[in-house]
Number of protein chains: 2
Amino acid sequence: MARTAGSHSDITGPRIREAALRLFAEHGYAAVSMRQIAAEVGVQAGALYNYTADKQSLLAGLMRGHLEELLAERAAEETGPDPLARLDAFTRFHIRYHLERPEAVFIAYMELRNLSPDNFREIEVLRHAYETELETVLQDGVAQGVFDVPDPKVATLAVIAMLTGVTTWYRDTGRLSRDEVAETYCGMVRRLVGC
Amino acid sequence: MARTAGSHSDITGPRIREAALRLFAEHGYAAVSMRQIAAEVGVQAGALYNYTADKQSLLAGLMRGHLEELLAERAAEETGPDPLARLDAFTRFHIRYHLERPEAVFIAYMELRNLSPDNFREIEVLRHAYETELETVLQDGVAQGVFDVPDPKVATLAVIAMLTGVTTWYRDTGRLSRDEVAETYCGMVRRLVGC
DNA sequence: GTCTATAGTGGGATAGAC
DNA sequence: GTCTATCCCACTATAGAC
C-alpha cells in the first residue's frame, strides 16, 4: 500500500518490530538491512529511527520482550505442589509457547552473538531465570524422592535443549499435532527424570 | 609475521579455512568480511580468491567437511549387535566429537540459513544421514523389545537436540570432565528410551 | 512522522603488476 | 601466489524540508 509523507500512524512501531522479528528470524540479524525492514513496513529507512535508537536496540528489544513475556506467562500458570504435575506443566507450557512463537525463539537462541556486551548480560539474566524454573522442579522432585536425577543442573539443560529442539522440525502440516508432540515429549521427559 | 609478495605457501588454503571457521563461529557468517579472514591469515583479501570461488563456497565447504568427517568417524566405530551398547556408543561418540569441534558444530547448526538453496539441500542430506544412524539404533532396540520408544522418529530428534545442546554450556574449566558429562548423558538417554 | 538526500564507511569481487 | 588498487555497490545513520 502506498504511503504518503506526513501521514500519521501509531501502529508503525509495532509493525517495525514485527517486520524485524520476521526478517531477523529468516535471514539473521547481520544479514538484514534497515532498508529491508523499512520496505517491509512501507516506510523509508530514515523513518525507523523515530522508533529505535539503532539496529542493535531493535534486536535487544525483541529478545528482551520475548523473554519477559515467556517469564510472565510461565509465572501466570497455576502450579500445585506435586513435582510430577509441575514437570508435565513445564513441558507442555514450553512446547506450546515455543511452537506459537518460532521466530522469537529462533532469534533468542541464535542472535546472542550479535548483542552488545551490556545487552547480552541483561538477556542472559532473563534466560537463566527461566532455566531456574525447571531446575527447581527437578530439585523438589528429587528431595521428595519422586524423581531420580543424578545431576539436576545438567538434566535441566538437557531437557530444555530437547524441548526447544522441537522448533527446528515441527510443521503444522506434519504427522503430529502440537498436543500430540507435547504428550510425546511429556512421556520422554518423565522417563528421563526416572519417573 | 610479515609476508612478502610472491612467497609460496601450500598451507594457506587450510589456514584460510581455519580462520574462517573461527570467525564465522564467533561472529556469524554474515558479520564476517573477507578482509577480516584475510587479516587473520596474514594475506590481502584478493589472495583468498585463489582458494575459494566466493564467500558462499567457503561456508559450504566448511559445513560439508564437518558433516563428512562426522559421518566418516561414526562409520569407523565398532558396533556390535546389542542395541543398548550401540546406544551408549552413539551417545559417547556424539558428545566427544561435538565437544572436540565446538566451532564446526556451531556453524553447522547456525548458518544453514546462509547457504544457497543448492548447498542447503546437499548439507541437509548429510545431516539426515547422521540422524538415521541413531534412528536405526532405536528402531532395532524396539524391534528386539529392549527399548520402549513410542515414536522413534521424534525420540531421535529429541536425543540429538539434547546431546548437541551440551556444546552451549560445557566448559573445560567447569565442574565436570568431558567423560563425566558423557556418562551423565548416557544415563539420561538410557532412561529416555525406557531402558 | 515521514520524506528525500547524503555523508561516511565498508562490503565482495576483480584486474594487472610482480 | 600475493600484492596493490579499484570498481561498484550496499550499509547505518543523520539532516533538513514538508
Side-chain angles (χ1 to χ4, degrees), chain A residues 1-24 26-62 107 111 113-116 118-119, chain B residues 1-24 26-63 107 111 113-119:
Chain A
M1 188 194 317
R3 301 185 62 82
T4 54
S7 74
H8 297 249
S9 180
D10 288 345
I11 60 166
T12 299
R15 292 187 66 214
I16 288 171
R17 285 189 288 276
E18 286 160 21
L21 185 73
R22 207 184 66 68
L23 289 169
F24 288 166
E26 184 173 352
H27 306 291
Y29 171 77
V32 172
S33 71
M34 295 297 267
R35 283 177 172 80
Q36 276 178 275
I37 298 169
E40 185 92 356
V41 175
V43 297
Q44 294 300 312
L48 300 182
Y49 293 88
N50 291 318
Y51 299 90
T52 184
D54 49 29
K55 193 183 173 188
Q56 166 71 204
S57 303
L58 189 52
L59 174 64
L62 290 174
I107 289 174
E111 303 296 354
R113 297 180 289 195
N114 290 305
L115 290 175
S116 68
D118 280 359
N119 286 331
Chain B
M1 184 195 319
R3 300 185 64 80
T4 54
S7 75
H8 296 248
S9 180
D10 289 344
I11 60 166
T12 299
R15 292 187 65 216
I16 289 172
R17 285 189 288 278
E18 286 161 19
L21 185 73
R22 208 183 65 70
L23 290 170
F24 288 166
E26 185 173 352
H27 305 290
Y29 171 77
V32 172
S33 71
M34 295 297 269
R35 284 174 174 81
Q36 274 179 275
I37 298 169
E40 184 91 356
V41 175
V43 298
Q44 294 301 312
L48 300 183
Y49 292 87
N50 290 318
Y51 299 92
T52 182
D54 50 28
K55 194 183 172 188
Q56 166 71 204
S57 304
L58 188 52
L59 173 64
L62 290 174
M63 292 177 65
I107 289 174
E111 304 295 355
R113 296 181 290 196
N114 290 307
L115 290 175
S116 67
D118 279 359
N119 286 330

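Naming: A, B, ... by sequence-line order, numbering from 1 per chain. Here the structure is a predicted model, which is why all the values come from computation and not from measurement.
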Shortest non-hydrogen contact between [X] and [Y], atoms and distance:
X: A:Thr52; Y: A:Leu58; value: OG1-N, 3.5 Å
X: B:Tyr49; Y: B:Asp54; value: CE2-CA, 4.0 Å
X: B:Gln36; Y: B:Ala31; value: OE1-O, 3.5 Å

Without decimals, in angstroms, what is the distance between [X] [atom1] and [N] [atom2]?
X: B:Arg15; N: D:dT2; atom1: CZ; atom2: C1'; answer: 13 Å
X: B:Ile37; N: D:dT2; atom1: CD1; atom2: P; answer: 15 Å
X: B:Leu48; N: C:dG11; atom1: CG; atom2: C1'; answer: 13 Å

inquiry  = With a 4.0 Å limit, can you tell me whether A:Thr12 has a side-chain N or O closer than that to the phosphate oxygens OP1/OP2 of C:dT2?
reply    = yes

query = Looking at C:dC3, C:dT2, D:dC3, which one has an atom nearest to any side-chain atom of A:Gln44?
reply = C:dC3

Could you write out each protein N or O paired with an N or O of nucleotides 12-15 of chain C at a distance under 3.5 Å?
{"unit_1": "C:dG12", "atom_1": "OP1", "unit_2": "B:Met34", "atom_2": "N", "d": "3.3"}
{"unit_1": "C:dG12", "atom_1": "OP1", "unit_2": "B:Lys55", "atom_2": "NZ", "d": "3.2"}
{"unit_1": "C:dG12", "atom_1": "OP2", "unit_2": "B:Met34", "atom_2": "N", "d": "2.7"}
{"unit_1": "C:dG12", "atom_1": "N7", "unit_2": "B:Arg35", "atom_2": "NH1", "d": "3.0"}
{"unit_1": "C:dG12", "atom_1": "O6", "unit_2": "B:Arg35", "atom_2": "NH2", "d": "3.1"}
{"unit_1": "C:dA13", "atom_1": "OP2", "unit_2": "B:Tyr49", "atom_2": "OH", "d": "2.8"}
{"unit_1": "C:dA13", "atom_1": "OP2", "unit_2": "B:Lys55", "atom_2": "N", "d": "3.1"}

Any donor-acceptor pair under 3.5 Å from A:Gln56 side chain to A:Asn119 backbone = no

message = Under a 3.5 Å distance rule, please check whether A:Tyr51 uses its side chain to pair with a backbone N or O of A:Pro14 as donor and acceptor.
response = no

Does this structure show an ion pair linking [X] with [Y], if we count only N-O contacts that are shorter than 4.0 Å?
X: B:Glu26; Y: B:Arg22; answer: yes
X: A:Arg17; Y: A:Glu40; answer: no
X: A:Glu111; Y: A:Lys55; answer: no

key: Nucleotide-level pairing of DNA chain D, given in dot-bracket where Watson-Crick and G-U pairs need both distances under 3.5 Å and | marks other strands   = ||||||||||||||||||

